S.K.: 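One structure coming up, written as structure tokens, with questions to follow.
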Amino acid sequence: MKFENEMKIEFDSKSQNEGFARVVVAAFVAQLDPTIEELADIKTSISEAVTNAIIHGYEMYPGKVYIYCKIVDDVIYVEIEDHGKGISNIEEARQPLFTSKPNMERSGMGFTVMEAFMDNVEVESVEGCGTTVMMKKTLLSLRATKEEACNE
Amino acid sequence: MKFENEMKIEFDSKSQNEGFARVVVAAFVAQLDPTIEELADIKTSISEAVTNAIIHGYEMYPGKVYIYCKIVDDVIYVEIEDHGKGISNIEEARQPLFTSKPNMERSGMGFTVMEAFMDNVEVESVEGCGTTVMMKKTLLSLRATKEEACNE
Amino acid sequence: MSLTYEIKHRNMIVRLDAEIDHHKAEEIRDRLDQLIAMNSIKVLIFDFSNTVFMDSSGIGVIMGRYKKMKQMGGDVGLINVNSNIQRVLKLSGIYRLVKNYESVQDAIKRLV
Amino acid sequence: MSLTYEIKHRNMIVRLDAEIDHHKAEEIRDRLDQLIAMNSIKVLIFDFSNTVFMDSSGIGVIMGRYKKMKQMGGDVGLINVNSNIQRVLKLSGIYRLVKNYESVQDAIKRLV
Ligand SMILES: Nc1ncnc2c1ncn2[C@@H]1O[C@H](COP(=O)(O)OP(=O)(O)O)[C@@H](O)[C@H]1O
Ligand SMILES: Nc1ncnc2c1ncn2[C@@H]1O[C@H](COP(=O)(O)OP(=O)(O)O)[C@@H](O)[C@H]1O
């Protein structure tokens with residue numbers, strides 16, 4: 001039988017909610033018993049996408065950040081959405097070290113971190129409408145445990 | 001200036017999400033630096049309302065539980081909503097020890113716990129449509145800290 | 001589930017989970033009833049030393065075991081209950097039937 | 001903010017917060033720049049021994065301080081970086097400019 005669970009969360013585009021978003025996703029993912037490294041990968045990726053929504057999507061304007069999270073067996077699927085200003089050139093935005101806010105000391109490494117730490121990252125954006133980042137990761141730890149259990 | 005923050009969350013009516021709901025609300029409330037006792041009060045009340053939505057609202061049917069949480073200065077406002085079967089007699093339901101599921105070893109103390117641990121609890125319910133429990137609590141710890149800061 | 005137990009002369013000490021809610025309660029109840037039956041337990045002591053959270057579902061578990069043990073001529077006691085959990089238990093009036101004890105020894109002395 | 005620091009002969013060791021994200025980064029940056037200016041710091045050592053989480057905002061903070069310190073003829077080093085944070089730092093290529101050291105002594109010896 002498939003193991004499935006999903007949740008949605010919506011919160012204000014305030015920087016103090018970045019840590020909150022990490023805790024929420026980490027708590028939801030905890031049911032899969034991830035390794036410390038897997039959990040760190042997911043928390044870091046969430047942090048990057050949520051920060052981007054707040055500082056690039058909404059800039060100084062107040063708005064809502066939406067996270068949708070789904071677990072199907074050992075696969076975690078996360079969507080981070082904002083209704084902010086959108087990205088005009090997604091390809092350029094995803095380049096390592098590219099940032100539109102160097103004066104804010106942004107490193108331009110957000111998308112690179114997500115791509116390195118998750119199995120798959122897709123970005124959809126419409127200028128003036130907002131951005132959705134979709135990420136997927138398979139927890140190998142869980143798969144390994146299951147295989148062990150089968151071999152016993 | 002008013003300190004304000006709000007969030008909404010929506011998750012499956014599965015019992016493993018009871019713990020998840022507690023962590024989410026606790027993480028959101030953490031920004032107010034509650035005492036251990038205040039945090040325990042809030043977590044316990046959330047747990048009661050979410051459990052009720054899952055076992056009484058939806059019984060064995062799958063559905064969604066919704067939590068809305070707002071902080072205004074030192075006041076925490078929480079709404080727990082289900083679109084389940086509703087409560088026909090709210091007054092009776094709120095009586096200590098009243099339960100419609102004694103065979104499930106429910107103690108009938110859920111509403112009593114919420115009333116004891118939160119400052120104010122309101123229940124709205126429409127049979128066949130669902131139930132919303134609205135709870136409020138002022139964090140005295142925060143007020144005390146502020147007054148101390150003023151007196152210094 | 002992280003429930004562990006120890007049995008001595010038909011007395012069973014059960015160290016409960018870190019968090020007792022409805023999700024956990026069902027597992028705990030089934031496991032306890034199985035252990036009680038298999039070992040003809042007379043005195044059941046709930047040890048809360050690992051438990052940091054309990055909602056009213058825990059009251060149901062304790063009351064259910066209390067009724068069961070009493071029917072069989074046994075009894076139930078509690079040890080190491082933290083103050084937050086005590087506040088939940090107090091509300092329910094369960095302390096008229098089931099008491100907190102200082103230690104396992106104390107509980108067994110008074111209950112057996 | 002839980003940033004603490006120690007200054008010895010214009011060397012400053014800064015023990016950073018438990019979680020470094022964009023929210024914290026702004027505070028950390030402002031505090032560091034103030035401390036660097038006030039104490040004419042020459043060598044800045046970031047101590048990550050309390051830090052359990054860092055995202056790419058932390059890279060920005062380190063890079064920013066690195067550029068600043070270099071301009072003034074100073075330097076920057078890192079100590080006690082856990083493996084998850086190292087993975088974030090590695091991605092950015094920052095290790096070509098700023099290195100991990102074994103200890104405060106080691107860092108000061110090589111950087112001063
Ligand atoms: N949600 C978003 N809304 C608008 N623009 C975005 C969003 N996310 C990323 N961007 C754009 O993509 C660029 C690169 O993002 P990223 O790799 O995370 O680096 P950084 O956040 O350090 O700038 C950003 O500088 C910004 O211009
Ligand atoms: N969300 C809900 N939907 C439908 N019925 C509910 C809901 N919440 C509470 N009730 C009703 O109110 C009764 C009392 O609730 P409560 O005081 O929490 O005790 P318990 O959950 O132990 O039964 C329940 O037994 C149930 O009949």
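Remember, it's a predicted structure, so these values are computed and weren't measured experimentally. Every chain is numbered from 1 and lettered A, B, ... according to where its sequence line falls, protein lines coming before strand lines.
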S.K.: Between C:Arg87, C:Lys67, C:Glu26, C:Met63, which has the largest tally of heavy atom pairs under 4.5 Å with chain B?
M.R.: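 So the answer, after comparing C:Arg87, C:Lys67, C:Glu26, C:Met63, is C:Arg87.
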
S.K.: Any carboxylate oxygen within less than 4.0 angstrom of a Lys/Arg side-chain nitrogen, looking at B:Glu38 and B:Lys137?
M.R.: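 Not counted as a salt bridge, because no side-chain N and carboxylate O are separated by less than 4.0 Å.
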
S.K.: Between C:Glu6 and C:Arg15, is there a salt bridge with N-O shorter than 4.0 Å?
M.R.: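 Salt bridge absent between C:Arg15 and C:Glu6.
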
S.K.: Hey, which of C:Ser92, C:Gly93, C:Gly58 has the most heavy atom pairs under 4.5 Å with chain B?
M.R.: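 Heavy-atom pairs under 4.5 Å are most numerous for C:Ser92.
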
S.K.: Between C:Asp33 and C:Arg65, is the salt bridge (Lys or Arg N to Asp or Glu O under 4.0 Å) condition met? List the steps.
M.R.: CA-CA 8 Å; C:Asp33 286 351; C:Arg65 278 349 97 224; 3.1 Å; yes

S.K.: Hey, is B:Arg94 close enough to B:Glu115 for a salt bridge, meaning N to O under 4.0 Å?
M.R.: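 Answer for the salt bridge query: yes.
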
S.K.: Identify which part of B:Thr51 has an atom lying under 4.5 Å from any heavy atom of chain C, answering side chain, backbone, both or neither.
M.R.: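 Only the side chain of B:Thr51 comes within 4.5 Å of chain C.
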
S.K.: For chain C, which candidate among B:Asn17, B:Thr112, B:Thr44, B:Ile36 shows the most heavy-atom pairs at distances under 4.5 Å?
M.R.: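 Highest number of heavy-atom pairs under 4.5 Å: B:Thr44.
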
S.K.: How many angstroms lie between CG in C:Asn11 and CD1 in C:Ile108, if you round to the nearest 0.5 Å?
M.R.: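 If I round to the nearest 0.5 Å, the distance is 4.5 Å.
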
S.K.: Could you tell me which of C:Asn84, C:Ile59, C:Asp21, C:Val88 has the largest number of non-hydrogen atom pairs under 4.5 Å with chain B?
M.R.: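 Heavy-atom pairs under 4.5 Å are most numerous for C:Asp21.
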
